[in-house]
Amino acid sequence: MPITTRVRRAVLLSFLACSSLYSESNYTLGEGFQVGELPLYIGGYFSMDYRNRDDEQRYRIDDIALLSYGGNNTLSYMLELEYKEFYVNTQNRSSTTVDRDTHLYVERLHLDYNINEHYRLRIGKYNSPIGFWNLMHINVLRETTSNPVASYILYPMFTSGANLTYTSFHTTSWSIDLIAQRGKAIDNGYNNYAINRHFGVGVTYENEDFTCKMSGGYFRNSERQNKRDLYYALVAAKYETDTYTIQTELGSQRSKKTTTTAYAGYVQAAYYFTERHVGVARLEGYDNRYVDESDRFVILGYTYRPLYPVALKSEYQWHTRYRENQLLFSLSVLF
């Protein structure tokens with residue numbers, strides 16, 4: 001039996017076991033169900049959205065995910081299985097199409113070992129520690145329904161291998177991430193690139209409300225029709241207070257012979273009117289020379305959280321590309 005099949009069956013059995021041990025008193029929405037007195041939690045999330053363009057409407061159940069996590073001060077683990085684009089209904093002036101993807105993907109599966117207060121080793125499939133947005137992959141935790149193009153065009157969103165992190169704690173904080181993958185990935189079906197190699201390094205500087213990150217690396221796209229070696233670099237910065245956050249990321253990508261993406265980046269500002277009401281504005285741009293596509297656009301959005309693990313989001317996008325203007329609504333919940 002393939003390892004991914006065994007993993008999926010194991011987590012489904014864990015959910016069944018959890019239901020018999022669950023008591024209402026020890027459950028908090030967004031934190032998962034604790035299995036007995038063990039340091040083991042079972043949770044999940046889902047999201048659905050609606051998109052309206054000039055000539056098309058789309059209704060989608062995008063994410064249905066199961067989470068299992070837990071551990072102690074030394075060892076911990078994370079398992080995340082997900083249906084992506086589980087149901088997609090697309091309507092235009094002449095037709096309606098319905099697509100379903102009922103495959104259960106392994107999104108994350110990793111073990112963390114805290115060597116000491118400065119070093120942490122992560123083994124398995126994990127979010128590539130690049131920029132800010134890529135570490136907020138769960139829809140409900142983000143302030144907009146859409147993802148910036150820079151977060152999925154430049155580098156692999158997930159890496160299957162090792163991640164060694166060193167953190168220094170003083171009046172300011174420095175951390176260094178080393179990324180290493182050599183060999184077959186854990187479920188390449190859930191990634192923006194199918195890869196069999198990824199090596200990278202990232203440096204993060206934090207000083208009170210300000211954070212700056214610099215990342216660079218190399219990966220090999222292993223798709224049969226599109227095999228190539230790619231190199232990326234990205235700079236990100238964030239200033240965060242109790243009332244607003246300003247965040248930006250800018251990067252580029254190239255192959256051995258040419259520039260594949262000259263630039264991709266965004267600047268986003270979020271203003272917190274209250275804990276429940278957030279206004280968002282984002283300016284984006286990219287120039288993808290590999291497919292000869294570029295765009296610059298503005299996004300204005302609003303997020304309402306009746307509870308923090310529940311998000312109702314809306315946004316409108318104005319694009320320079322023809323017929324790309326769109327209105328988006330979404331509902332997402334973390335259990």
Side-chain angles (χ1 to χ4, degrees), residues 3 6-8 10-15 17-45 65-82 106-138 140-141 157-181 186 198 200-213 215 238 240 308-309 334-335:
I3 185 171
R6 294 199 298 268
V7 167
R8 293 184 183 108
V11 76
L12 291 174
L13 290 173
S14 296
F15 268 86
C18 174
S19 63
S20 65
L21 295 169
Y22 162 70
S23 64
E24 186 175 352
S25 61
N26 66 3
Y27 174 70
T28 301
L29 184 66
E31 296 182 2
F33 302 92
Q34 185 175 7
V35 179
E37 299 298 323
L38 299 174
L40 171 63
Y41 293 83
I42 306 293
Y45 60 90
L66 310 177
L67 294 169
S68 178
Y69 60 94
N72 54 37
N73 293 332
T74 303
L75 287 173
S76 60
Y77 83 97
M78 166 65 75
L79 169 62
E80 183 173 356
L81 305 178
E82 182 169 329
V106 178
E107 183 171 357
R108 289 187 291 174
L109 173 58
H110 58 77
L111 178 69
D112 289 358
Y113 173 53
N114 293 319
I115 302 171
N116 54 43
E117 63 178 353
H118 295 291
Y119 289 92
R120 185 208 67 196
L121 178 63
R122 175 169 289 176
I123 301 292
K125 183 180 180 183
Y126 54 88
N127 296 89
S128 302
I130 302 168
F132 298 109
W133 200 276
N134 196 53
L135 301 177
M136 298 187 297
H137 71 291
I138 298 178
V140 71
L141 302 179
M157 294 189 297
F158 297 94
T159 300
S160 297
N163 169 213
L164 179 64
T165 301
Y166 168 79
T167 304
S168 174
F169 303 101
H170 295 290
T171 53
T172 60
S173 173
W174 289 88
S175 63
I176 300 174
D177 277 290
L178 299 178
I179 303 168
Q181 173 183 337
I186 299 175
H198 183 197
V201 60
V203 178
T204 303
Y205 167 78
E206 294 184 60
N207 186 359
E208 296 182 349
D209 299 331
F210 176 74
T211 306
C212 181
K213 305 184 73 172
S215 303
K238 179 168 64 174
E240 187 173 17
Y308 185 78
L334 177 67
F335 298 103

Check: Tyr77 and Ile123 side chains under 4.5 Å, non-hydrogen atoms: no
Looking only at heavy atoms, what is the nearest atom pair of Tyr41 and Glu31, with distance? CD2-O, 3.6 Å
Side-chain heavy-atom pair Met78, Leu67 within 4.5 angstrom cut-off: yes
Main chain of Gly131, side chain of Lys213: is a donor-acceptor contact present, judged purely on distance under 3.5 Å? yes
In Å, rounded to the nearest 0.5 Å, how long is the span from CG of Leu40 to OH of Tyr69? 9.5 Å
Atom pair CG/CG of Leu29 and Leu334 - distance to nearest 0.5 Å: 7.0 Å
How long is the gap from CG on Asn114 to OH on Tyr119, to the nearest 0.5 Å? 14.0 Å
Between Glu80 and His137, does any side-chain donor sit less than 3.5 Å from a side-chain acceptor? yes
Could you list the donor-acceptor pairs under 3.5 angstrom formed between side-chain atoms of residues 202-210 and any protein atom two or more places apart in sequence or on another chain?
{"residue": "Tyr205", "atom": "OH", "partner": "Asn207", "partner atom": "ND2", "Å": "3.2"}

I need the Leu79 CG to His110 NE2 distance, nearest 0.5 Å. 9.5 Å
Strictly by salt bridge (charged side-chain N to carboxylate O under 4.0 Å, His left out), give each pair with a member in residues 110-133 just once, sequence neighbours left out. Asp112-Arg122
Taking the side chain as every heavy atom from C-beta outward, state whether Ser128 and Asn134 have any atom pair closer than 4.5 Å. yes
Looking at Ile186 and Ser160, what are the two nearest heavy atoms and their distance? N-OG, 2.9 Å
Are Val106 and Phe158 side-chain neighbours, meaning at least one heavy-atom pair lies under 4.5 Å? no
Short side-chain to backbone donor-acceptor contact, Asn163 and Leu178, under 3.5 Å: yes
First locate atom CH2 of Trp174, then atom SG of Cys212, and finally report the distance between them rounded to the nearest 0.5 Å. 8.0 Å
Side-chain contact test, heavy atoms from C-beta onward, threshold under 4.5 Å: evaluate it for Leu164 versus Tyr166 and give yes or no. no
Report the residues that fulfil ring-ring contact (aromatic ring centres under 6.0 Å, His included) with Tyr113, sequence neighbours left out, ordered by chain and then residue number. none
So, does Gln181 use its side chain to make a donor-acceptor pair with the main chain of Gly161 at under 3.5 Å? no
Please lay out, stage by stage, how Leu141 and Tyr308 fare under the test side chain to side chain contact (heavy atoms under 4.5 Å, CB included). CA-CA 9 Å; Leu141 302 179; Tyr308 185 78; 4.0 Å; yes
Examine distances only and state if a side-chain atom of Ser76 and a backbone atom of Gly71 form a donor-acceptor pair shorter than 3.5 Å. no
